[in-house]
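Below is one structure; the comments refer to it alone.
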Amino acid sequence: MNTRVTVRDIVKMKGKEKIAMITAYDYTTAKLVDQAGIDIILVGDSVGMVVHGLDTTIPVTMDMMLLHVSSVARARPRALVVGDMPFLSYETSIEDAVRHAGLLMKAGADAVKLEGGSELSDVVKALVRAGIPVMGHIGLTPQRSFLIGGYRKRGVSEKEREKILEDARELERAGVFSIVIEYTAADVAGEVTREVSVPTICIGSGPFCDGQVLVIHDLLGLTENPPPFAKAYVNLRSLIVNAVKEYVREVKNGVFPEEKHYFYSKKQ
Ligand code: KIV
């Protein structure tokens, strides 16, 4: 399939084919993950931590997200591009939410993602009314990590299980086209998946979901302290360090550049 993946395609994949989503934050990486056949590229606010070295996603700004969304969109991927709404870009008012989501769409996103449950019902409805497809994000919501006591496992108590189910139902009613479930007990994520008609895409929440998402730095083995649920498919850290060591050695020894890497003027 060479045509672009749409929100409708993603919804239709539920129960038929697992959805593979990954984060990417720049043109080159977007090209590569698209070539690998990914369904959804998430320009996540995790960019603040894995690219900009921030301790949390809280300081991530709209300007940062717009820069990264436009860089990914310029790769013209086949995959659906989802832009994350940063902290306080949608909580202050419905007007702010629509304006900021609109800016992400104008920068090249095909949809936006926001963190939270039933309390965001009106925001989701307003975005959908404005023609902006919305992906929900429940369970562990890192933008609220200060409120919920850190990066904690979710869905372990009956109260949390009920809240997660209620959040999923409310988001579905409000019109989201899919829901990310983060660091939540696998049985609870499975229950949500059976309960809602839109696809669930999980991270650290087990196999009973309609799809999976990973942060690309974790998948490539670039993260120094990856979360316990991440899987590294390659150790790019050591590959990069070894390549640069080799370059340093060749520069110091005068091996690089070789003849093919330079030219003389005609006069010589
Ligand atoms: O920002 C991000 O990368 C995310 C994923 C962890 C789902 O929200």
Side-chain angles (χ1 to χ4, degrees), residues 10 18-26 29-30 33 38-62 64-69 71-72 79-91 100-101 104 109-117 120 124 133-145 148 150-155 164 167-168 171 176-184 189 192-193 198-206 209-220 222-223 225-232:
I10 297 299
K18 293 270 186 183
I19 299 161
M21 175 159 111
I22 196 167
T23 66
Y25 316 103
D26 65 88
T29 313
V33 299
I38 207 79
D39 299 306
I40 306 178
I41 298 176
L42 170 66
V43 187
D45 63 352
S46 50
V47 69
M49 297 172 76
V50 299
V51 174
H52 296 278
L54 297 168
D55 288 336
T56 70
T57 55
I58 300 293
V60 173
T61 63
M62 270 305 293
M64 286 162 81
M65 292 311 301
L66 290 173
L67 186 69
H68 290 287
V69 165
S71 176
V72 165
L80 188 84
V81 175
V82 177
D84 232 348
M85 298 200 64
F87 180 59
L88 289 195
S89 67
Y90 54 97
E91 299 92 330
H100 290 134
L104 289 173
D110 301 311
V112 300
K113 176 169 83 59
L114 38 77
E115 296 182 11
L120 292 177
V124 173
V134 183
M135 178 180 275
H137 183 156
I138 58 175
L140 174 66
T141 45
Q143 290 178 12
R144 285 152 201 234
S145 57
I148 60 182
Y151 291 75
R152 277 199 305 110
K153 290 177 183 157
R154 309 298 291 178
I164 289 167
D167 282 342
L171 287 174
V176 298
F177 73 94
S178 62
I179 303 173
V180 166
I181 309 176
E182 182 165 356
Y183 211 18
T184 295
V192 171
T193 303
V198 294
T200 57
I201 303 179
C202 286
I203 176 159
S205 306
C209 305
D210 299 306
Q212 297 291 324
V213 53
L214 278 179
V215 168
I216 190 152
H217 288 60
D218 296 341
L219 180 150
L220 296 178
L222 283 168
T223 314
N225 298 303
F229 48 76
K231 175 171 176 181

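Both ligands and their constituent atoms are indexed starting at 1 by order of listing. Every value quoted in this text rests on a predicted model; they were computed, and no experiment measured them.
Proximity of Y25 to S71: side-chain heavy atoms (C-beta onward) are nowhere separated by under 4.5 Å. Residues E115 and F87 fail the side-chain proximity criterion, which asks for heavy atoms closer than 4.5 Å.
In summary, the atoms of ligand 1 found under 4.0 Å from a heavy atom of H137, numbered by their order in the structure, are 8 (O). Taking every heavy atom of S46 and a limit of under 4.0 angstrom, the matching atoms of ligand 1 come to 1 (O), 2 (C), 3 (O). Residue G44 approaches ligand 1 through these ligand atoms, each under 4.0 Å from one of its heavy atoms: 1 (O), 2 (C), 3 (O). Atom numbering of ligand 1 starts at 1 in the shown order; those under 4.0 Å from a heavy atom of T23 are 3 (O).
Aromatic ring pairs are classed by plane angle as parallel below 30°, tilted from 30° to 60° and perpendicular above 60°; the pair H52 and H68 is perpendicular.
Here's the thing with D45: one of its N/O atoms is less than 3.5 angstrom from an N/O atom of ligand 1. Between E115 and ligand 1, a contact under 3.5 Å exists for no N or O pair. At a 3.5 angstrom cut-off on N or O pairs, Y25 does not count as close to ligand 1.
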Run the ring pair (Phe, Tyr, Trp, His ring centres under 6.0 Å) test on Y183 and F229 for me, step by step, so that the C-alpha distance in whole Å, both residues' side-chain angles and the decisive distance to 0.1 Å come before the verdict. CA-CA 8 Å; Y183 211 18; F229 48 76; 5.1 Å; yes

Give the intermediate values and the outcome of side chain to side chain contact (heavy atoms under 4.5 Å, CB included) for residues Y90 and V124. CA-CA 10 Å; Y90 54 97; V124 173; over 6 Å; no

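Judged by distance alone, with hydrogens and angles left aside, the side-chain atoms of T200 form no donor-acceptor pair with the main-chain N or O of I179 at under 3.5 Å. A donor-acceptor pair under 3.5 Å is formed between the side chain of Q143 and the backbone N or O of M85.
Heavy atoms of D84 found under 4.0 angstrom from ligand 1 belong exclusively to the side chain. Looking at V47 against ligand 1, nothing comes within 4.0 Å, counting heavy atoms.
Between V134 and the choices V82, V176, L120, L171, the side-chain contact (heavy atoms from CB on, under 4.5 Å) rule is met once, by V176.
The protein heavy-atom contact nearest to atom 6 (C) of ligand 1 is I203 CD1, 3.8 Å. Atom 8 (O) of ligand 1 has as its closest protein heavy atom K113 NZ, 2.9 Å. The protein heavy-atom contact nearest to atom 5 (C) of ligand 1 is L42 CD2, 3.8 Å.
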